[in-house]
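Accompanying notes for the structure given below.
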Amino acid sequence: MAAIPTTYRAARRTRGVGTAETPLGIELVTETLGEVRPGDVLVRVRAASLNFRDVAMLDGRYPIPALERGVPASDCSAEVVAVGAAVAGFAVGDRVAPTLARYSLTGDEDNVFHTVLGGDTDGVLREYAVFAAEQLVHLPRHLSWEEGATITCAGMTAWNALKAVVADSLDKGKDKAVLLKGTGGVSMFGLLVALASGVRPIITSSSDAKLAAVQKLGAPGAVLGYNYGTTRDQAAAVAALTGGLGVDVVVNTDGPASLPADIASLRRRGTVAVVGFLGGPDGDWRPSEILGLIAKGAHISGIDGGSKRDFEELNRLLEDKQVRLEPLVDRVFSFDETEKAFAYMNAGKHVGKVVIRL
């Protein structure tokens with residue numbers, strides 16, 4: 001076994017409050033490795049991936065306070081290099097990932113939001129990290145380091161938005177359809193889960209080239225889609241693609257602005273799963289438009305990164321169906337190129353996930 005170093009490199013946000021005019025930066029620093037207590041596991045981070053929240057924390061778009069000079073990123077794959085004396089279930093060499101929220105193990109706990117990786121507590125964009133063993137899960141063995149680094153936040157958000165329709169499709173044989181907005185990490189992960197589960201996906205983009213590339217991931221006709229730049233009426237487009245029925249789930253990455261269109265796109269008893277805020281925190285619509293939920297018996301659900309139990313459920317699906325996540329990885333940067341990775345993510349040209357290899 002290789003010797004465990006006393007220091008390691010980490011990425012940290014620069015100090016201050018970021019705005020659109022004066023965003024924070026990312027700097028690489030050298031830090032001292034912390035103590036591994038009896039219930040802890042020391043891991044060597046092999047790859048990490050970025051989410052929109054990571055760049056939003058730099059320029060004031062993130063709506064929740066973040067740890068000053070915190071280590072960014074929540075999604076990673078890692079190798080166990082040491083375990084505490086009281087740890088069971090993990091061994092040196094295991095391939096693991098941490099859960100997004102430190103204390104969300106079953107999903108039934110309260111007061112777990114304020115312990116979220118890469119936000120109000122240090123994240124994973126560092127060579128080594130110490131985690132409580134209960135925060136770790138085993139990764140599917142067929143995934144590469146880069147693939148495994150896409151699950152903690154993006155994959156789990158997609159899973160929690162879609163797991164009910166996945167169960168209806170796999171366990172009950174029901175015909176289900178979902179609208180996945182955009183080609184970012186959550187939507188692309190949702191696409192792969194839907195294809196593996198027999199759920200019909202509709203994906204959107206403002207780029208015909210992106211749509212064409214994404215539609216090649218499934219069998220001919222399996223992935224439907226439309227260009228939201230040239231087709232402005234979302235509900236009409238969804239109706240045309242679903243024989244007038246609508247979809248069972250809209251994965252809303254926009255935020256409040258599109259809620260009326262999302263409700264109009266639903267099938268009866270459908271769900272608008274709100275997962276993000278790419279369109280900002282506001283919406284220009286009348287409050288009465290929310291009443292469309294009543295006629296459809298539908299509802300709006302806020303989606304977070306889920307629990308350790310959810311993570312293990314998703315990993316079982318990925319293993320059972322041998323789902324490969326390679327199509328999700330848009331581009332891989334080295335650790336020394338971290339600033340370039342953030343800039344590329346912020347430019348919005350990616351399809352899927354931006355990965356940093358450590």
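Remark: the backbone N or O of Arg316 is not paired with any side-chain donor or acceptor of Glu319 at under 3.5 angstrom. Judged purely by atom type and a 3.5 angstrom limit, Lys296 uses its side chain to pair as donor or acceptor with the backbone of Ala264. In this structure a side-chain-to-backbone donor-acceptor pair under 3.5 Å is missing from Asn315 to Pro140. Checked by atom type and distance alone, the side chain of Asp254 never pairs as donor or acceptor with a backbone atom of Ala257 at under 3.5 Å. Without hydrogens or angle criteria, Ser187 side chain to Gly184 main chain gives no donor-acceptor distance under 3.5 Å. With hydrogens and angles ignored, the 3.5 Å screen pairs a side-chain donor or acceptor of Asn252 with a backbone N or O of Gly255. One N or O on the side chain of Arg268 and one on the backbone of Ala295 form a donor-acceptor pair closer than 3.5 Å. In this structure, Thr115 contributes its side chain and Ala101 its backbone to no donor-acceptor pair below 3.5 Å. In this structure a side-chain-to-backbone donor-acceptor pair under 3.5 Å is present from Asn227 to Gly229. Without hydrogens or angle criteria, Arg13 side chain to Leu67 main chain gives a donor-acceptor distance under 3.5 Å.
No side-chain donor-acceptor contact under 3.5 Å links Gln234 and Tyr228. No donor-acceptor contact under 3.5 angstrom links the side chains of Asn160 and Asp304, judged on distance only. Under 3.5 Å, the side chains of Glu147 and Thr150 contain no donor-acceptor pair of N or O atoms. Judged by distance alone, the side chains of Thr14 and Glu27 never bring a donor and an acceptor atom under 3.5 Å apart. A donor atom on one side chain and an acceptor atom on the other are found under 3.5 Å apart for Asp262 and Ser258.
Salt bridge Arg15/Glu68: present, at least one basic N to carboxylate O contact under 4.0 Å. Classification of Glu31 and Arg9 as a salt-bridged pair fails, no side-chain N sitting under 4.0 Å from a carboxylate O. Salt bridge annotation for Asp168-Lys172: present, with a cationic side-chain nitrogen under 4.0 angstrom from a carboxylate oxygen. By the 4.0 Å N-to-carboxylate-O rule, Asp248 lies too far from Arg269 to be salt-bridged with it. Salt-bridge formation is not detected for the pair Asp330/Lys349: no Lys NZ or Arg NE/NH1/NH2 atom is positioned less than 4.0 Å from an Asp or Glu carboxylate oxygen.
Geometric assessment of Arg95 against the ring of Trp145 yields a positive cation-pi assignment under the 6.0 Å and 45° thresholds.
Residues that satisfy the ring pair (Phe, Tyr, Trp, His ring centres under 6.0 Å) test with Phe335, not counting sequence neighbours, are absent from this structure. Residues satisfying the side-chain hydrogen bond (donor to acceptor under 3.5 Å, both in side chains) criterion with Ser207, sequence neighbours excluded, are absent altogether. Judged as a side-chain hydrogen bond (donor to acceptor under 3.5 Å, both in side chains), and not counting sequence neighbours, Glu326 has no contacts.
Closest non-hydrogen pair, Leu259 versus Ile300, comes out as CD2-CD1, 4.2 Å. Scanning both residues, Arg309 and Thr106, for their nearest heavy atoms gives NH2-O, 2.5 Å. Residues Ala97 and Cys76 share a closest heavy-atom pair of CB-O, 3.3 Å. When all heavy atoms of Leu125 and Ala48 are compared, the closest pair comes out as CD1-CB, 3.9 Å.
How far CG of Asp175 is from CZ of Arg267: 6.0 Å, rounded to the nearest 0.5 Å. Note that CG of Leu105 and NZ of Lys308 are 6.5 Å apart. Values are rounded to the nearest 0.5 Å.
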Please tabulate, for the side chains in residues 79-93, all donor-acceptor contacts under 3.5 angstrom to protein atoms that are two or more places apart in sequence or on a different chain.
| residue | atom | partner | partner atom | Å |
| --- | --- | --- | --- | --- |
| Glu79 | OE1 | Arg46 | NE | 3.2 |
| Glu79 | OE1 | Arg46 | NH2 | 2.7 |

Checklist entry - Step by step, would you call Phe52 with Phe277 a ring pair (Phe, Tyr, Trp, His ring centres under 6.0 Å)? => result CA-CA 9 Å; Phe52 174 71; Phe277 50 93; 5.4 Å; yes
Next on the checklist: The test is side chain to side chain contact (heavy atoms under 4.5 Å, CB included); show your working for Val130 and Val41 and say whether it passes.
Outcome noted: CA-CA 6 Å; Val130 177; Val41 175; over 6 Å; no
Checklist entry - Stepwise, does the side chain to side chain donor-acceptor pair (under 3.5 Å) test hold for Ser49 with Lys353? => result CA-CA 6 Å; Ser49 69; Lys353 294 287 284 180; 3.1 Å; yes
Next on the checklist: Would Asp75 and Arg53 count as a salt bridge (Lys or Arg N to Asp or Glu O under 4.0 Å) here? Give the steps.
Outcome noted: CA-CA 12 Å; Asp75 297 20; Arg53 66 192 287 263; over 6 Å; no
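Using a 4.5 Å cut-off on side-chain heavy atoms (C-beta onward), Leu100 and Met156 make no contact. Counting only heavy atoms from C-beta outward, the side chains of Ile151 and Leu325 approach each other to under 4.5 Å. In this structure the side chain of Ser334 never reaches within 4.5 angstrom of the side chain of Arg357, judged on heavy atoms. Contact check for Pro201 versus Leu224: no side-chain heavy atoms found under the 4.5 Å cut-off. Taking the side chain as every heavy atom from C-beta outward, Phe189 and Val193 approach each other to under 4.5 Å.
Within the structure, ring-ring contact (aromatic ring centres under 6.0 Å, His included) pairs that include any residue of residues 288-334 comprise Phe333-Tyr344 (at least two apart or interchain).
Atom CZ of Arg69 is surrounded by more than 12 heavy atoms from other residues, nucleotides or ligands within 6.0 Å. The 12-atom threshold is not exceeded at NZ of Lys340, counting heavy atoms of other residues, nucleotides or ligands nearer than 6.0 Å.
Side-chain heavy-atom separations under 4.5 angstrom define the hydrophobic clusters, and the remaining members of the one that includes Val329 are Val332, Val355.
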